Amino acid sequence: MADTTTTEPGRDFIRDIVQADVDAGRAQVVVTRFPPEPNGFLHLGHAKSICLNFGVAQEFGGRCHLRFDDTNPVKEEQLFIDAIQRDVEWLGFHWGEHLYHASDYFEQLYRWAEHLIRSGDAYVDDTPPDRMRAQRGTLTEPGQNSPHRYRSVEENLALFQDMRAGKFANGACVLRAKIDMASGNMNLRDPVLYRILHATHPRTGDAWCIYPTYDFAHGQSDAIEGITHSVCTLEFEDHKPLYDWLIARLPVPARPRQYEFARLNMTYTVLSKRILTGLVRDGHVSGWDDPRMPTLAGIRRRGVPATALRDFVARVGVARANSVVDVQMLDAAIRDALNPTAPRRMAVLRPLKLIIDNYPEGRTETLEAIDHPDDPSQGTRPISFGRELYVEQDDFMENPPKKFYRLSPGKEVRLRYGYYVTCQSVEKAPDGTVVALHCTYDPQTRGGNAPPDGRKVQATLHWLAAADAVPAEIRLYSHLFDRPDPGADGDAMAHLATDSMEVLTGAFVEPALAAAPVGTPVQFERVGYFCADPDGTPARPVFNRTVGLRDSFAKVKTPGR
RNA sequence: UGGGGUGUCGCCAAGCGGUAAGGCAACGGAUUUUGAUUCCGUCAUACGGAGGUUCGAUCCCUCCCACCCCAGCCA
């Protein structure tokens, strides 16, 4: 079970900063953290952050904490807390003893809030939300001070205690930092530090009815844990002055620093928790782990190994420029991870009966197939051959165009590990559809070897003996959205693809695949990488297509594009 | 004349004053019992634009342009 990163971590500006801090002695041990809010499942964007935070800690011999940023009980659930832990571990990272929750610090944060009140840096404001918004000003106009900005310390302390004691309804008042209502940075216009939320928290239950905001919880939690490098995405850049403002005024045990990098965006994909939540809620997908979802759970179920994801993230790199990564980069990383190890098997997705007229009726024989062309140590397996076989519908054309190498009337091809066969005639249904191919085989080509006369064929096809092929359901997935930039016009849902999943119910696979363990990758020769889905049974396995093989013939079929 | 960022090949991305890495994609060609893999080769006189400093600038300065983020008691 080799589960090591295949691509060495690249160098990036974050690692340069950490290196410089280590070299200059500013950081004895490097401590980072991955701080998800448990309000949904982790997706590819989180994978980038996880690989960065855990990766940096690993490379510098430090540690990375998993910390749940659970400061908003109305959106958070235990279900998500569990899923997040499962996904981080699956990705290959371990927090050891360092599992934390912002909610672990609620009491400490409360005391620090009082500290701010005592130093005159925070006040309780009972201005109604809409009025507060008006007073905040706009991007180009300064805000106005709240009439409650200069309450006495005693009054603020009493009010804040009353907030905690549950004497007020939701929204009745908040605790605000007293900074600068005219600041060009909106985050400094007396930001809210605490709000009243009479809601049950997944961990603290009903112990609290006031909760710290992200701004008040995050930096202080970092400080408590001794985080040296607090790495987050670009949109928090404007929060850094506030982060620093709070750290500077509170008796915190450490002085963490925040650094920002660009979040991951990918073509034909949406990495917005809001939209992903909607897809699940409205039943557009089967769940958070639907194989089409860009969630780690979905990607895992699709059959993508964690190594591929780590490699992908390494290939993408870390920078500060907003960018959109081509999904094909992910596909390439997946193929590169799977190709060297995935055992080869044969499966016919859209079967077409092939009858070998000169093959003795009732006879069957056992042939030998190689499990991996580049890795002899994987060995071989027996496969059965008979008079009636299945081949892929795509591998036959009655009137083939110029560069079609596969079967057509009069054409000879090789059946992989089988024999050379030549198509002699076509059997059609009354409506004209081809129902079977009648062929002859050359007994001298057993195993697929060239005959004594050295005759060559242009194509080698995969096939299955009709006698023991196992019926299977195969699910082919493609992009959930039908345009490269689904969110560009602000309505991603309008670009939900209608054909993102194709279910093939009449497929067949090798007998050995009936018992394929769920999630284990296998290559269906000439088709792609697949893995068994938990929906299947030994009698009727279900396979997910992880990713197709590169197909240069597709370009011949549909040039341009 | 709000604040904060970013602009290097079709897509990512190195580069940190000395004359444009790498990956993906694409395109040739070789090998091939997967039109796969592998292997060889091609693919930025050019770094958003205009000035300037310098022997020399993608890297420094000035101005301009474009795009992204911020007006939640979300994170």
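Just so it is clear, the structure is predicted and the values come from calculations on it, not from any experiment. Residue numbers begin at 1 in each chain, while the letters A, B, ... track the order of the sequences.
Figure legend: A:Arg164 and A:Tyr110 shown as a cation-pi pair, the cationic atom lying under 6.0 angstrom from the six-membered ring centre and within 45 degrees of its axis.
Taking the ring centroids of A:Tyr405 and A:Phe553, they lie at or beyond the 6.0 Å cut-off. Ring-centre distance between A:Phe385 and A:Tyr419: below the 6.0 Å cut-off. Ring centers of A:Phe543 and A:Phe524: under 6.0 Å apart, within the cut-off.
Judged by distance alone, the side chains of A:Asp222 and A:Tyr243 do bring a donor and an acceptor atom under 3.5 Å apart.
A close approach under 4.0 Å does occur between a side-chain nitrogen or oxygen of A:Ser552 and OP1 or OP2 of B:rA36. In this model, the phosphate group of B:rA26 is approached by a side-chain N or O of A:Arg550 to a distance below 4.0 Å at OP1 or OP2. Distances shown here put every side-chain N or O of A:Arg345 at or beyond 4.0 Å from the OP1 or OP2 atom of B:rU34. Applying the 4.0 Å criterion to OP1 and OP2 of B:rG22, one finds that A:Arg315 has every side-chain N and O outside that range. Phosphate proximity of B:rC74 to A:Thr213: absent, as no side-chain N or O sits under 4.0 Å from OP1 or OP2. For A:Arg195 and B:rA75, the shortest distance from a side-chain N or O to OP1 or OP2 is below 4.0 Å. Close to B:rG72, at under 4.0 Å from its OP1 or OP2, lies a side-chain N or O of A:Arg133.
Across all strands, A:Val124 comes closer than 4.0 Å to no nucleic acid atom at all (heavy-atom distances). Counting any heavy atom pair closer than 4.0 Å across all strands shown, A:Gln523 reaches a base atom. Within 4.0 Å of A:Ser183, counting heavy atoms only, lies no atom of the nucleic acid at all. Using a 4.0 Å heavy-atom cutoff across all strands shown, A:Arg320 reaches sugar-phosphate atoms only and no base atom. A:Lys403 comes within 4.0 angstrom of a base, heavy atoms only. Heavy atoms of A:Val174 sit under 4.0 angstrom from at least one base atom. Here A:Asn449 lies in heavy-atom contact (under 4.0 Å) with a base. Residue contacts for A:Arg136: at a heavy-atom cut-off of 4.0 Å it reaches the sugar-phosphate backbone alone, with no base atom in range. Nucleic acid contact for A:Gly171: base, since at least one base atom lies under 4.0 Å from a heavy atom of the residue. Note on A:Ser323: only backbone sugar-phosphate atoms sit closer than 4.0 angstrom, heavy atoms only; bases stay farther off. If you check every strand for non-hydrogen atoms under 4.0 Å, A:Thr127 touches a base. Using a 4.0 Å heavy-atom cutoff across all strands shown, A:Glu525 reaches at least one base atom of the nucleic acid. In this structure, A:Thr267 reaches neither bases nor backbone, as no heavy-atom distance under 4.0 Å exists between it and the strands shown. A:Val74 comes within contact range of no nucleotide atom at all, as no heavy-atom separation falls under 4.0 Å.
Residue side chain A:Phe553 meets the stacking definition with respect to B:rG35: its ring centre sits within less than 5.5 angstrom of the base's six-membered ring centre, and the planes differ by less than 30 degrees.
Computed from coordinates, the A:Phe216 CZ to B:rC73 P distance equals 16 Å when rounded to whole Å. For the pair A:Glu37 CD and B:rG72 C1', the computed distance is 13 Å after rounding to whole Å. Between the CG atom of A:Asp371 and the C1' atom of B:rU33 there is a distance of 15 Å, rounded to whole Å. Atoms CG (A:Leu52) and P (B:rA13) sit 13 Å apart, rounded to a whole Å. B:rA75 atom C1' lies 14 Å from atom CG of A:Asp222, rounded to whole Å. Between A:Lys273 atom NZ and B:rG72 atom P there is a gap of 21 Å when expressed in whole angstrom units. Taking atom CG of A:Leu242 as the reference point, atom C1' of B:rG3 lies 14 Å away to the nearest angstrom. Separating the OH atom of A:Tyr194 from the P atom of B:rA75 is a distance of 12 Å, rounded to the nearest angstrom.
The partner of B:rA46 cannot be assigned: no Watson-Crick or G-U wobble pair with both contacts below 3.5 Å exists in any strand. Pairing partner, B:rG7: B:rC65, with both Watson-Crick or wobble hydrogen-bond distances short of 3.5 Å. The partner of B:rA13 cannot be assigned: no Watson-Crick or G-U wobble pair with both contacts below 3.5 Å exists in any strand. The pairing partner recorded for B:rA57 is none, the criterion being a Watson-Crick or G-U wobble arrangement whose two distances lie under 3.5 angstrom. Remark: B:rU37 base-pairs with no nucleotide in the shown strands. Criterion, Watson-Crick or G-U wobble with two distances under 3.5 Å.
When each of A:Asp69 and A:Arg406 is assigned the nucleotide of RNA chain B bearing its nearest heavy atom, the one mapping closer to the 5' terminus is A:Arg406. Residue A:Gln328 is the one, among A:Gln328 and A:Arg344, whose nearest nucleotide of RNA chain B lies closer to the 5' end (criterion: closest heavy atom).
For the C1' atom pair drawn from B:rC11 and B:rC43, the interatomic distance equals 14 Å after rounding to whole Å. Between B:rC63 and B:rG56, the distance separating the two P atoms is 23 Å to the nearest Å.
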Task: Verdict with supporting geometry, A:Ile299 and A:Leu44, side-chain contact (heavy atoms from CB on, under 4.5 Å) - done: CA-CA 9 Å; A:Ile299 283 169; A:Leu44 281 169; 3.6 Å; yes
Open item on the list: With side-chain hydrogen bond (donor to acceptor under 3.5 Å, both in side chains) as the criterion, how do A:Asp190 and A:Tyr123 come out once you've worked through the C-alpha distance, each side chain's angles and the decisive distance to 0.1 Å?
Closed with: CA-CA 9 Å; A:Asp190 290 12; A:Tyr123 61 98; 2.6 Å; yes
- [ ] Report the C-alpha distance between A:Arg483 and A:Thr267 in whole Å, list the side-chain angles of each, state the deciding distance to 0.1 Å, and finish with yes or no for side-chain contact (heavy atoms from CB on, under 4.5 Å).
- [x] CA-CA 8 Å; A:Arg483 44 183 274 180; A:Thr267 56; over 6 Å; no
Open item on the list: side-chain contact (heavy atoms from CB on, under 4.5 Å), that's the test. Do A:Leu354 and A:Ile356 meet it? Break it down for me.
Closed with: CA-CA 7 Å; A:Leu354 185 154; A:Ile356 303 174; 3.7 Å; yes
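Checked against B:rC68, B:rU33, B:rC16, the side chain of A:Asn322 finds its nearest nucleotide in B:rC68. In this structure, the nucleotide among B:rA71, B:rG4, B:rA75 sitting nearest to the side chain of A:Asp238 is B:rG4. Distance from the side chain of A:Thr71 is smallest for B:rA75 among the nucleotides B:rA75, B:rC12, B:rC70. When the nucleotides B:rU6, B:rG23, B:rA75 are ranked by their closest atom to the side chain of A:Ala321, B:rU6 comes out on top. Among the nucleotides B:rC74, B:rG35, B:rA25, the one closest to the side chain of A:Phe404 is B:rG35.
Not a single donor-acceptor contact under 3.5 angstrom links the side-chain atoms of A:Asn185 to the base of B:rG4. With hydrogens and angles left out, the side chain of A:His239 and the base of B:rA75 share a donor-acceptor pair within 3.5 Å. Checked by distance alone, A:Asp374 brings no side-chain donor or acceptor within 3.5 Å of a matching partner on the base of B:rU38.
Remark: of the listed residues A:Phe168, A:Phe160, A:Tyr211, A:Phe160 is the sole one forming a ring-ring contact (aromatic ring centres under 6.0 Å, His included) with A:Tyr194.
Anti is the classification of B:rG5, since its glycosidic angle lies more than 90° from 0.
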